[in-house]
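Data first, discussion second: the structure below is written as structure tokens.
This is a predicted model, so every value here is computed, not measured. Starting from 1, each residue takes its place in the sequence as its number.
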Amino acid sequence: NDVVPYGNDRARVKSVKTFLGVVLITLSLAWVVGLHSYFGLALFSEQFIALALGIALALTFLSKPLAGERAGPVDITVAVLVAAALSYVALDYERLLGEFVKRSPEINILGGVIVVALIEAVRRTSGRFLLLVILCLLAYAMVGHLVPPPLTAREIDPLHLISYLG
């Protein structure tokens with residue numbers, strides 16, 4: 001399942017996937033031992049989680065292609081887009097946290113990209129049944145306020161839901 005963006009360059013793509021895997025493991029180990037504190041960096045846990053999720057999703061899209069055995073341009077583009085979006089979240093988390101309260105379009109777009117990417121990654125790795133469960137839960141979140149008690153949920157705006165989930 002190597003990505004072949006242009007021609008038959010399996011070795012380079014395999015190297016990229018290996019590099020991303022090593023980076024993910026190294027970042028995880030560095031976080032666990034608190035290496036960031038050693039260098040005087042005060043980081044939110046969510047910054048590490050966003051970066052790790054971005055790398056993991058990129059690996060997922062490169063390893064589990066949309067169609068066929070090899071990832072195509074769509075898989076590569078989605079992997080880069082999601083990794084970039086979550087890296088941006090990790091690097092600018094403190095400012096984005098303030099924007100979250102304002103429900104800015106930036107937060108809604110980032111949340112939408114992350115939610116769609118996560119749902120697609122679940123579909124690619126776990127199949128359609130789990131996808132159906134997730135979609136049913138999202139639908140319930142949207143219409144749960146119309147359900148009679150005791151299953152009534154709070155009404156939530158779709159953009160707020162995307163912001164919270166993203």
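- Side-chain contact check for Gln47 versus His36: every heavy-atom pair is 4.5 Å or farther apart.
- Val89 is not listed as a side-chain neighbour of Leu53, based on a closest heavy-atom distance of 4.5 Å or more.
- With a 4.5 Å cut-off on side-chain heavy atoms, Val115 and Leu161 do not count as touching.
- Taken to the nearest 0.5 Å, the CD atom of Glu99 stands 10.5 Å off from the CG atom of Leu110.
- When every heavy atom of Lys64 is checked against every heavy atom of Thr125, the shortest pair comes out as CG-CG2, 4.1 Å.
- Following chains of ILVMFWY side-chain contacts shorter than 4.5 Å, one cannot reach Leu86 starting from Val116, and the two form parts of different hydrophobic clusters.
- Leu151 meets the side-chain contact (heavy atoms from CB on, under 4.5 Å) test with Tyr140, Val147; sequence neighbours excluded.
- A single hydrophobic cluster is not seen to contain both Leu138 and Leu132; linkage of ILVMFWY side chains at heavy-atom distances under 4.5 Å, directly or through other members, places them apart.
- Hydrophobic cluster membership differs between Ile55 and Val113, with clusters built from Ile, Leu, Val, Met, Phe, Trp and Tyr side chains linked at under 4.5 angstrom.
- In terms of hydrophobic clustering, with Ile, Leu, Val, Met, Phe, Trp and Tyr side chains grouped at heavy-atom distances under 4.5 Å, Phe19 and Leu62 are assigned to a common cluster.
- Residues in residues 121-146 take part in these salt bridge (Lys or Arg N to Asp or Glu O under 4.0 Å) pairs, two or more places apart or across chains: Asp75-Arg124, Glu120-Arg123, Glu120-Arg124.
- Closest heavy-atom contact between Ile162 and Asn108: CG2-O, 3.8 Å.
- One distance of note links CZ of Arg154 with NE2 of His160; it measures 11.0 Å at 0.5 Å rounding.
- Summarising the geometry, atom CG belonging to Leu118 is positioned 8.5 Å from atom CD1 belonging to Ile134; distances are rounded to the nearest 0.5 Å.
- Linking ILVMFWY residues whenever their side-chain heavy atoms come closer than 4.5 Å, directly or via other members, places Ile114 and Leu130 in the same cluster.
- For the residue pair Val82 and Ala117, the shortest heavy atom distance occurs at CG2-CB, 3.4 Å.
- The side-chain contact (heavy atoms from CB on, under 4.5 Å) search around Val33 returns Leu35, not counting sequence neighbours.
- Rounding to the nearest 0.5 Å places CG of Leu66 at 9.5 Å from CZ of Phe61.
- Across every non-hydrogen atom of Ala58 and Leu20, the tightest pair is CB-CD1, 4.3 Å.
- Among Ile49, Leu51, Leu43, the one residue that satisfies the side-chain contact (heavy atoms from CB on, under 4.5 Å) test with Trp31 is Leu43.
- Interatomic distance, CZ of Phe48 versus OH of Tyr93, reported as 14.5 Å (0.5 Å rounding).
- Rounded to the nearest 0.5 Å, atoms CD1 (Ile76) and CG (Leu81) are 13.5 Å apart.
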